[in-house]
K.L.:
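Got a structure here, written out as structure tokens. Questions coming.
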Number of protein chains: 2
Amino acid sequence: MEKSAPLVPDMFDAACPSAASPFRIADKWGGMVVLCLEAGPRRFTELRVPLQRIAPKVLTETLRSLERDGFITRTVFDENPPHVEYELTPLGRSLLPAIAACREWGFANLDAMRAARERYDGDGAEAA
Amino acid sequence: MEKSAPLVPDMFDAACPSAASPFRIADKWGGMVVLCLEAGPRRFTELRVPLQRIAPKVLTETLRSLERDGFITRTVFDENPPHVEYELTPLGRSLLPAIAACREWGFANLDAMRAARERYDGDGAEAA
DNA sequence: GAGACTAGTTACGTTGCAGTGACTGGGTCC
DNA sequence: GGACCCAGTCACTGCAACGTAACTAGTCTC
């Protein structure tokens, strides 16, 4: 199997500006997990690779929450070592077009938003 | 001027299921404020009408945050009584298609999500 | 002169999301 | 017999978002 093929290219860099996006899907990591699962089922540890900065506790919470909402399924394979797979449901896949719209907005407008922010903050700092 | 023409039909009812939507724009009220401004500029108190449950403090914070991000402008008319108008910028309008995609998802899938949630919670309650 | 209107501000409290760090348990590898 | 693997759990902490309640300034109306 491929070792570290990029599941999703950007967005997972700590310096990625997507953290500033005004759109949030489910909780902080929910949208990224859904994108990571777009290409097919993944295991817990496989998800941790692209989501470098996520703590196992937080990933567990995110996955449980997505499972509760019917966006993903959790399948336990009774093997050794333990093997758990997460996969998008059709309902989870239904999120993808809306997420794509949010990402498109980001590509087109995030820079403008950040510039506006700097302008606003700069004005405040200079006025003081 | 029209007195209480519905700025946006639903979404502002306290019982509205949109509160459960997995999509969040800016902060909790940001998306709704943008929608309220879609039809044209509005005053502080005019925004409070459809957003019944919002506290003035929270609305101020929301508006300041949207202004900082360059989504709205704040114009003070030096009149009496005081008169302040909020209006979408082109950048703010650029959010509308993505917001529309999120709302479309809601119309099509919110019920399925809520059903999944009830199923999940129900299973847990019965197992205990 | 009491009250209302507009557009907020201030002080304070609660809740919940997110994060850290340590730990678990069954099995395999060396 | 110690270390490692996977897929987590547990106890705790920090902090920002959200909310309530009360209050403000200047003007206008009753």
Side-chain angles (χ1 to χ4, degrees), chain A residues 1 3 12 14 16 18-33 36-37 41-69 72-87 117 121 124, chain B residues 1 3 12 14 18-33 36-37 41-69 72-87 117 124:
Chain A
M1 64 179 84
K3 247 199 150 169
F12 300 111
C16 175
S18 75
S21 168
F23 296 97
R24 177 156 298 194
I25 293 97
D27 43 20
K28 177 171 176 181
W29 299 93
M32 292 195 202
V33 168
C36 283
L37 294 174
R42 302 277 170 192
R43 303 171 58 170
F44 189 86
T45 315
E46 284 177 321
L47 287 169
R48 293 198 65 192
V49 174
L51 272 43
Q52 301 151 344
R53 311 184 60 78
I54 200 171
K57 192 208 82 165
V58 177
L59 181 54
T60 301
E61 285 173 356
T62 302
L63 291 167
R64 289 286 186 283
S65 159
L66 292 172
E67 191 191 355
R68 181 167 106 99
D69 288 346
I72 62 172
T73 55
R74 179 174 180 273
T75 312
V76 180
F77 296 86
D78 204 3
E79 296 172 359
N80 180 35
H83 182 170
V84 180
E85 274 193 356
Y86 295 93
E87 187 169 14
R117 219 173 248 200
D121 293 347
Chain B
M1 65 179 84
K3 248 198 147 168
F12 300 110
S18 76
S21 167
F23 297 97
R24 178 158 297 195
I25 293 98
D27 42 22
K28 177 172 176 182
W29 299 93
M32 292 195 202
V33 168
C36 283
L37 294 174
R42 301 278 169 192
R43 303 171 59 169
F44 189 85
T45 315
E46 284 177 322
L47 288 168
R48 291 197 67 191
V49 175
L51 272 43
Q52 300 151 344
R53 309 183 61 76
I54 200 171
K57 192 207 82 165
V58 177
L59 180 55
T60 302
E61 285 173 355
T62 301
L63 290 167
R64 289 285 186 284
S65 160
L66 291 173
E67 191 191 355
R68 179 167 107 99
D69 288 347
I72 64 173
T73 55
R74 179 173 180 273
T75 311
V76 180
F77 295 87
D78 203 2
E79 294 173 1
N80 178 36
H83 182 169
V84 180
E85 274 194 355
Y86 296 93
E87 187 169 15
R117 217 173 250 200

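Chain naming here is simple, since letters A, B, ... match the order of the sequence lines and numbering starts at 1 in each.
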K.L.:
How sharply is the helix from C/dG1-D/dC30 to C/dC30-D/dG1 bent, taking the axes over five pairs at either end and rounding to 10 degrees?
P.N.:
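The angle, to the nearest 10 degrees, is 10°.
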K.L.:
Considering residues at least two apart in sequence or located in another chain, which fulfil the salt bridge (Lys or Arg N to Asp or Glu O under 4.0 Å) criterion with B/R68?
P.N.:
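For B/R68, the residues satisfying salt bridge (Lys or Arg N to Asp or Glu O under 4.0 Å) (neighbours in sequence not counted) are A/D121.
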K.L.:
Which nucleotide span of DNA chain C, 5' end to 3' end, has atoms closer than 4.0 Å to non-hydrogen atoms of chain B?
P.N.:
C/dT6 to C/dA11
K.L.:
Please identify each residue that fulfils side-chain contact (heavy atoms from CB on, under 4.5 Å) with B/R74, with sequence neighbours left out.
P.N.:
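Residues passing side-chain contact (heavy atoms from CB on, under 4.5 Å) with B/R74: B/R64, B/E67, B/V76, B/V84, B/Y86.
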K.L.:
What's the spacing between B/L37 CG and B/M32 CE if we round to 0.5 Å?
P.N.:
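B/L37 atom CG to B/M32 atom CE measures 13.5 Å (nearest 0.5 Å).
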K.L.:
Taking side chain as C-beta onward, heavy atoms only, is B/R42 less than 4.5 Å from B/E85?
P.N.:
no
K.L.:
Tell me which one of A/L47, A/L59, A/L51 satisfies side-chain contact (heavy atoms from CB on, under 4.5 Å) with A/W29.
P.N.:
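Of A/L47, A/L59, A/L51, side-chain contact (heavy atoms from CB on, under 4.5 Å) with A/W29 is met by A/L51 alone.
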K.L.:
With sequence neighbours left out, what residues match B/R48 under salt bridge (Lys or Arg N to Asp or Glu O under 4.0 Å)?
P.N.:
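B/R48 satisfies salt bridge (Lys or Arg N to Asp or Glu O under 4.0 Å) with no residue once adjacent residues are dropped.
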K.L.:
List for me each residue that meets side-chain contact (heavy atoms from CB on, under 4.5 Å) alongside B/L66, sequence neighbours excluded, and say none if there are none.
P.N.:
B/A26, B/V33, B/V34, B/T62, B/F71, B/I72
K.L.:
Taking protein heavy atoms under 4.0 Å as touching, what does nucleotides 13-22 of chain D look like 5' to 3' if B marks base contact, S marks sugar-phosphate-only contact and - marks none?
P.N.:
-----BBB--
K.L.:
Side-chain contact, heavy-atom cut-off 4.5 Å: B/F44 with B/P56?
P.N.:
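They are in contact (side-chain heavy atoms under 4.5 Å apart), so the answer is yes.
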K.L.:
For B/F23, what residues pass the ring-ring contact (aromatic ring centres under 6.0 Å, His included) criterion, not counting sequence neighbours?
P.N.:
B/W105
K.L.:
Partners of A/D27 by salt bridge (Lys or Arg N to Asp or Glu O under 4.0 Å), sequence neighbours excluded?
P.N.:
none
K.L.:
A/R64 near the nucleic acid: base, sugar-phosphate alone, or nothing, with a heavy-atom cut-off under 4.0 Å?
P.N.:
sugar-phosphate
K.L.:
Set out, line by line, the N/O atom pairs under 3.5 Å between protein and nucleotides 5-7 of chain D.
P.N.:
{"unit_1": "D/dC6", "atom_1": "O3'", "unit_2": "A/R43", "atom_2": "NH2", "d": "3.4"}
{"unit_1": "D/dC6", "atom_1": "O3'", "unit_2": "A/P82", "atom_2": "O", "d": "3.0"}
{"unit_1": "D/dA7", "atom_1": "OP1", "unit_2": "A/R43", "atom_2": "NE", "d": "3.2"}
{"unit_1": "D/dA7", "atom_1": "OP1", "unit_2": "A/R43", "atom_2": "NH2", "d": "3.2"}
{"unit_1": "D/dA7", "atom_1": "OP1", "unit_2": "A/V84", "atom_2": "N", "d": "3.0"}
{"unit_1": "D/dA7", "atom_1": "OP2", "unit_2": "A/T45", "atom_2": "N", "d": "3.3"}
{"unit_1": "D/dA7", "atom_1": "OP2", "unit_2": "A/T45", "atom_2": "OG1", "d": "2.7"}

K.L.:
Under the rule for side chain to side chain donor-acceptor pair (under 3.5 Å), what residues qualify as partners of A/K57, not counting sequence neighbours?
P.N.:
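If we apply the side chain to side chain donor-acceptor pair (under 3.5 Å) test to A/K57, skipping adjacent residues, the hits are A/E61.
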K.L.:
So, using side-chain contact (heavy atoms from CB on, under 4.5 Å) as the criterion, who are the partners of B/T73 when residues are at least two apart?
P.N.:
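Result, side-chain contact (heavy atoms from CB on, under 4.5 Å) vs B/T73: B/T75, B/E87, B/T89.
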